[in-house]
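Below is one structure, written out as structure tokens; comments come after it.
Numbers here are sequence positions counted from 1. Here the structure is a predicted model, which means the values were calculated and not measured.
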Amino acid sequence: MRFPLVLNATPMPPRYRLAIDRPSLIQRLYVFLFILLPGACWYWGNGLSGEYWYLVWLAPVPTLVSPAYTDRKTSFLFAFVACLMGRLSWFVYLHTVVPPVLASLLTGALAYAFARIAVYSGVQLCTKRNWRSLFTYPVLMTAFEYLVLTCSPDGTATSMAYTQSDVLPIIQSASLAGTPGITFLVSLFPALCAFGWLAWQQRARILQAAGLALLIYGSVLGYGLLRLHAPMSSAALQAGVVVLDETKHHTDQQDSQQQMRAVLADYGRAITTVAATGAQVVLLPETAFRLTPLTDSLVMNSLRHMAKRANTRLIVGLADYSQPDAHNTAVVIDASGSLLTTYTKRHLVRGFESQFSAGRQTGLFPIDTLQAGVAICKDLDFPGTIRDYGQARTAVLFVPANDFRIDDWLHARMAILRGVENGFSVVRAARQGRLTISDSRGRVLREAKTTIGNQSQLIGTVPLSAQTTLFTRAGNWFGLLNLVVAFFIVLPYRRRTSVLRITN
């Protein structure tokens, strides 16, 4: 297959003209630069571990400059294949949570959307090279993610913002603009690089772009560092997290009263051990116990007794089948054995939790003079849902969870980022996932794994400071702003296209 070498509207830089008479070499170079290189960056950078977060900043650069060296259709093909390669890092994970056909469609749809956005943005950069073209890519990417966040039944799971979760100065911007703010920052950088590459002979514009980059990223890093080093409240509590071996949670281990007593005894010993270290709250994972009419009273009475004996608060995830209308719930029991609140999971995993009915209310309860909250696993994928806790001035959110092993890092960091957005600490206990204690700045204070199936315990000090952030007050204002701006960016192009069709 021969690829066209030049977009008519944009002359090729002189340094490439000498290679025109060697088309086979050019073809190989194009495949490497515009497919393999960005595809590899997307694959490793947008994976499920966050280990190569910096590659996400670089991956779109070849795609954005490709319209300068080939026509629009070929650029789209390059971009689509590159992003499709990158999305394969998610395919195994998607295959575990949705049917293969749906996983394939989702992978292809995201690659298609990226290719359309990137090529349109690249053409604007190549033909105009002005401030409007510079912001086209970050605005369109942010607007697209905002639409996905608003409409998707899976919330923000596919946002590239989570790849930056361990880059603390960057993620502080979530307290202002949520995940769309992080996506905008990550997308602006490759647009700046492509702008510099394409306008390399126009020194004035390069200096202006460099000055803009310094202003934006300097401000973001300055704010991030300032927030990270700002003094926090001295209030704190000791929290413990306990998760038994995954086999203990299987239905065939909790069917009879005798089996349930054995599981309760195992949890009781672990809770006593953790409480002996001074833990004022002990968190257990999602659906730690399966309640049926046969075991309901046994489990609830045992949990009350454990809390009184250990002199600590217990937060326990339950699969409640004791009533005709089943629920995925979490109960909070105080040190006297009294039930403080019962929370029902609001966002259920499609296909895995169809037997449950969703809840509608937040789960709030007091810890001394402060407000605390409880939410369950997938609820943390939805910023709007967790914003309710920020508006209630929650100081710490406890999260019983159950992951799919392969997504342990990603899902834990999604929860942690909700704490950054709303200014509270997060304590999370996941079956087949990670146990984490994090503060309102996204710092992971303690962490352990249950992905290997073994019992795990975590004990740590949790800072308590209810801080109202701009995101808590204004919601996803930045995503909506980018959606409006994207409309005015694309509208002139749609009008020109319509005029050309009528003329022809």
Side-chain angles (χ1 to χ4, degrees), residues 3-17 30 33-34 38 57-80 82-83 112-146 180 183-217 481-504:
F3 301 127
L5 297 178
V6 183
L7 182 68
N8 293 334
T10 307
M12 183 177 292
R15 60 179 152 218
Y16 287 99
R17 290 175 184 160
Y30 277 14
L33 289 179
F34 300 137
W57 296 66
L58 302 172
V61 175
T63 301
L64 291 173
V65 302
S66 68
Y69 304 102
T70 185
D71 64 47
R72 193 174 302 184
K73 290 183 178 179
T74 307
S75 292
F76 174 82
L77 176 63
F78 286 156
F80 178 76
C83 190
Y112 175 82
F114 165 77
R116 289 296 300 268
I117 291 171
V119 171
Y120 174 81
S121 304
V123 170
Q124 299 302 304
L125 278 170
C126 292
T127 57
K128 296 180 179 178
R129 299 175 190 169
N130 55 22
W131 297 117
R132 177 176 166 178
S133 67
L134 175 61
F135 284 98
T136 298
Y137 178 68
V139 166
L140 292 182
M141 284 297 293
T142 305
F144 173 71
E145 282 207 356
Y146 173 74
T183 297
F184 184 89
L185 291 172
V186 175
S187 301
L188 177 60
F189 183 80
L192 283 164
C193 292
F195 183 87
W197 176 267
L198 295 169
W200 66 280
Q201 289 181 317
Q202 299 166 299
R203 297 184 183 278
R205 292 188 177 184
I206 295 298
L207 290 175
Q208 290 174 346
L212 178 65
L214 184 63
L215 176 63
I216 293 176
Y217 290 106
L481 174 64
N482 277 268
L483 183 63
V484 173
V485 174
F487 176 78
F488 287 103
I489 287 176
V490 176
L491 184 61
Y493 171 77
R494 300 299 299 176
R495 284 178 174 173
R496 286 196 304 272
T497 303
S498 299
V499 170
L500 287 173
R501 287 175 179 172
I502 294 172
T503 303
N504 291 336

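Considering Phe80, Phe76, Phe114 as possible partners of Val119, the one that fulfils the side chain to side chain contact (heavy atoms under 4.5 Å, CB included) test is Phe76.
Nearest heavy atom pair, residue Pro62 against residue Leu58, reads CD-O, 3.7 Å. Contact detail for Asn482 and Pro138: the closest heavy-atom pair is OD1-O, 4.3 Å. Across all non-hydrogen atoms, the minimal contact from Pro38 to Ala82 is CG-CB, 3.9 Å. Here the closest heavy-atom approach between residue Leu64 and residue Leu198 is recorded as O-CD1, 4.4 Å.
The structure places CG of Leu212 at 4.5 Å from CZ of Phe135, a figure rounded to the nearest 0.5 Å. Atom CH2 of residue Trp57 and atom SG of residue Cys193 lie 10.0 Å apart, to the nearest 0.5 angstrom. With rounding to the nearest 0.5 angstrom, the NZ atom of Lys73 is 12.5 Å from the OG atom of Ser75. Note that CG of Leu140 is 5.5 Å distant from CD1 of Ile489, once rounded to the nearest 0.5 Å. One distance of note links CG of Leu483 with CZ of Phe487; it measures 9.5 Å at 0.5 Å rounding. Remark: Ile216 CD1 to Leu188 CG distance equals 5.0 Å, nearest 0.5 Å.
Side-chain N or O atoms of Tyr217 include one that pairs as donor or acceptor with a backbone N or O of Leu185 at under 3.5 Å. Between the side chain of Thr74 and the backbone N or O of Thr70 there is no donor-acceptor pair closer than 3.5 Å.
Residues Ser187 and Thr183 are in side-chain contact: their nearest non-hydrogen atoms beyond the backbone lie under 4.5 Å apart. Looking at heavy atoms from C-beta onward, Leu481 lies out of side-chain contact with Thr142 at the 4.5 angstrom threshold.
Using cut-offs of 30° and 60° on the angle between ring planes, the pair Tyr69 and Phe34 is parallel.
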For this session: Go through Tyr120 and Arg116 one step at a time and tell me if the side chain to side chain donor-acceptor pair (under 3.5 Å) criterion holds.
Result: CA-CA 6 Å; Tyr120 174 81; Arg116 289 296 300 268; over 6 Å; no
Problem set entry | Stepwise side chain to side chain contact (heavy atoms under 4.5 Å, CB included) check, Thr136 with Leu125 | CA-CA 8 Å; Thr136 298; Leu125 278 170; over 6 Å; no
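The ring of Tyr137 has its center no closer than 6.0 angstrom to the ring center of Phe195.
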